[in-house]
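Below: the structure, in C-alpha cells.
In what follows, every heavy atom counts, from backbone to side chain, and hydrogens, waters and symmetry copies are set aside.
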Amino acid sequence: MKNVPKISVIVPVWNRQDLIERCLDSVLNQRIKPFELIVVDNGSTDDTYKRVEQWMQSHEGKGIGFKLLTETKKGACEARQKGLESAEGEFVSFFDSDDEMLSSLLETAIAKIEENPNSDIICWNCRINLLDGTSKVPTVIKENFLESHLIHALLRPQGYLVRRKFLINAGGWSKPIKVWNDYELGLRLLLLNPEIIFTDEILAEIYSQAESITGKDFSSKEGQWEETLDEMEKVALSSDSPQKNRVQKILNYRRAILAAHYYRENNLKGAKSLMRAATVNKSVNERLLLKFSCHFTRLGLRGVWRIVKNFY
C-alpha cells in the first residue's frame, strides 16, 4: 500500500482491568499498525491504569506510538474528546475498551481510503455478542446511511474511521451527553453530508456488558434517553439538510419505540408521558403510526420499521 494515512486509535476506559488487554492486543495485532494508540483513563478505581501502563511498557518498539492519558471529568464524551485533542492521525477510530478489532480491520479500511481518497468516513459491519450467548449483525441500509444510523446505529464507535478534521468540524465529542452520545454524534456527522465508504465485512466484535452505560433496562435512566433525542431533534432542525424533517419524524418513531420498552418494563407513567410528547400536535395518521409502532414493539415483536418505513 502506498501513502498509508496515519490513523489514531483512541480507547476510553473506566474500570476494565480484566478486559482492557484484549482490546489493546487486538489493536497491536492489526496487519497494518495504527500510527498511535491513545488510551484515556476516565478515573478508574481498579487496576485499569496500572494494567494499561504495564502493557504499553511491555510492547514498546512494536511500531505504534503509545499515549496514556487521564480525564477526571466523568463520562465517555469527555474521555473521547480528550483523546481527540491529543490525536495526530489523519483519521481517528474510537474503540470501546471491552471490544475487539479483527486483525484485518485497519488493512481493509486503509484499502478503502486508497480507493476513495476523498472519503470522510469508512464504516463496516460489527458482530454484537449478547449477554444471552447469541449474536447479531445490525442491518445496514446502504441506500440511506442517515436512515441506517437513526434506525440501526450505523456509526457506533467500533464501526468506523473518520477524518479527524471532519470530526472536529462537526464539534467532536464536545457535548456532555450521558447516554446514546455516539448516536447523537453520528447524526451530526451525517448531517454534514460526508463522503462515506461502507464494506460488508465484519471487522469488529462487540461484547455486551451487564454494567455498561446502557445497562439492562431503559427505565433506570428515564429522562436521559429523552434528553438525547431532544438534542438530536434540535441539531436536525437547525441544520441545512434536506432530510431534516424526515429526521424529526424518525426521532418521534424512536420515542415511540422507547415508550414500548418502558411499557414492557412496567413503567407506565414514563411510557404514557413519552407517547404524549411524541404525538402532540401531530396529524391523525402520524399519531396512529406512532401508536402502532409502540404497540407492535410492546408485544415483543421485531421489525416494525420494515412495516412503517414507507410512511416516513
Does [X] reach the side chain of [Y], with side-chain heavy atoms less than 4.5 Å apart?
X: R156; Y: I206; value: yes
X: H59; Y: L28; value: yes
X: I197; Y: I121; value: no
X: K175; Y: N181; value: no
X: I122; Y: Y160; value: no
X: W14; Y: T48; value: no
X: I38; Y: L69; value: yes
X: L150; Y: L251; value: yes

Heavy-atom pair with the smallest gap, counting every atom of [X] and [Y]:
X: S8; Y: G89; answer: OG-N, 2.9 Å
X: I64; Y: L37; answer: CG2-N, 3.6 Å
X: L102; Y: Q30; answer: O-NE2, 2.9 Å
X: S119; Y: F91; answer: O-CZ, 3.8 Å
X: L190; Y: L146; answer: CB-CD1, 3.7 Å
X: L84; Y: I168; answer: CD2-CG1, 4.2 Å

How long is the gap from [atom1] on [X] to [atom2] on [Y], to the nearest 0.5 Å?
X: K136; Y: L130; atom1: NZ; atom2: CG; result: 6.0 Å
X: N285; Y: L289; atom1: CG; atom2: CG; result: 8.5 Å
X: N15; Y: S44; atom1: CG; atom2: OG; result: 4.5 Å
X: N310; Y: W305; atom1: CG; atom2: CH2; result: 9.0 Å
X: S220; Y: Q224; atom1: OG; atom2: CD; result: 8.5 Å
X: I257; Y: R254; atom1: CD1; atom2: CZ; result: 7.5 Å

Using the rule that Ile, Leu, Val, Met, Phe, Trp and Tyr join whenever any side-chain heavy atoms are under 4.5 Å apart, tell me whether [X] and [Y] fall into a single cluster.
X: W225; Y: I250; value: yes
X: I32; Y: F95; value: yes
X: V140; Y: I202; value: no
X: V27; Y: F35; value: no
X: L299; Y: L290; value: yes

Margin query: Pair E227, K221 - check salt bridge (Lys or Arg N to Asp or Glu O under 4.0 Å), show working.
Written below: CA-CA 11 Å; E227 287 177 3; K221 289 186 172 63; over 6 Å; no
Sub-3.5 Å donor-acceptor pair from the side chain of [X] to the main-chain atoms of [Y], do we have one?
X: R22; Y: D98; result: yes
X: S238; Y: V235; result: yes
X: N42; Y: G75; result: yes
X: N169; Y: K165; result: no
X: Q17; Y: D47; result: yes
X: S104; Y: E107; result: no
X: E265; Y: F218; result: yes
X: S26; Y: C23; result: yes
X: R255; Y: A278; result: no
X: E231; Y: T228; result: no

Check: Does R80 make a cation-pi contact with F94, if we ask for NZ or CZ under 6.0 Å from the ring centre and within 45° of the axis?
Finding: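 Cation-pi check for R80 and F94: fails.
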Next item on the list: Using the six-membered ring of F292, assess whether NZ or CZ of R287 lies under 6.0 Å from its centre and within 45 degrees of the ring axis.
Entry: no
Neighbour count above 12 (heavy atom, 6.0 Å) for [X] [atom1]:
X: H295; atom1: NE2; result: no
X: K50; atom1: NZ; result: no
X: K74; atom1: NZ; result: yes
X: K249; atom1: NZ; result: no

Note to self: Regarding N129 and E205, do their side chains bring together a donor and an acceptor under 3.5 Å, going by distance alone?
What the structure shows: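 Judged by distance alone, the side chains do pair up.
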Next item on the list: Could you verify whether a donor N or O on one side chain and an acceptor N or O on the other, from D200 and W124, lie under 3.5 Å apart?
Entry: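 D200 vs W124: no donor-acceptor pair found between side chains.
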Next item on the list: Please report the C-alpha distance between Y262 and E222 in whole Å, then the side-chain angles of each, then the deciding distance to 0.1 Å, and finally whether the side-chain hydrogen bond (donor to acceptor under 3.5 Å, both in side chains) criterion is met.
Entry: CA-CA 9 Å; Y262 284 167; E222 181 185 348; 5.2 Å; no
Checklist line | Criterion side chain to side chain contact (heavy atoms under 4.5 Å, CB included) on L189 and L155, from CA distance to verdict | finding: CA-CA 9 Å; L189 290 170; L155 296 186; 4.2 Å; yes
Check: Are the ring centres of H149 and Y183 closer than 6.0 Å?
Finding: yes
Margin query: Please determine whether a side-chain nitrogen of the Lys or Arg among D99 and R16 lies less than 4.0 Å from a carboxylate oxygen of the Asp or Glu.
Written below: no
Notebook entry, point to check: Would you call E88 and K67 a salt bridge, using N to O less than 4.0 angstrom?
Noted result: yes
Notebook entry, point to check: Is there a side-chain hydrogen bond (donor to acceptor under 3.5 Å, both in side chains) between E195 and N116 once you walk through the steps?
Noted result: CA-CA 9 Å; E195 184 73 27; N116 306 273; over 6 Å; no
Next item on the list: Given side chain to side chain contact (heavy atoms under 4.5 Å, CB included), test V9 with M101 step by step and report yes or no.
Entry: CA-CA 11 Å; V9 176; M101 291 183 172; 3.8 Å; yes
Next item on the list: Under the side-chain hydrogen bond (donor to acceptor under 3.5 Å, both in side chains) rule, what do Q243 and N144 come out as? Steps first, then yes or no, please.
Entry: CA-CA 11 Å; Q243 296 194 68; N144 190 322; 3.2 Å; yes
Note to self: What verdict does the side-chain hydrogen bond (donor to acceptor under 3.5 Å, both in side chains) test give for T134 and D132, after you've listed the backbone C-alpha separation in whole Å, the side-chain angles of each residue and the deciding distance to 0.1 Å?
What the structure shows: CA-CA 6 Å; T134 63; D132 62 6; 2.6 Å; yes
Margin query: Just to verify, which of R164, K6, R163 counts as forming a salt bridge (Lys or Arg N to Asp or Glu O under 4.0 Å) with E90?
Written below: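 The single option meeting the salt bridge (Lys or Arg N to Asp or Glu O under 4.0 Å) with E90 is R163.
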Check: Should the ring pair Y312 and Y253 be called parallel, tilted or perpendicular, given that the plane angle runs from 0 to 90° and is split at 30 and 60?
Finding: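 Y312 vs Y253 ring planes: perpendicular.
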Notebook entry, point to check: Yes or no on side chain to side chain contact (heavy atoms under 4.5 Å, CB included) for E36 and I10, after CA distance, side-chain angles and deciding distance?
Noted result: CA-CA 8 Å; E36 61 182 354; I10 300 168; over 6 Å; no
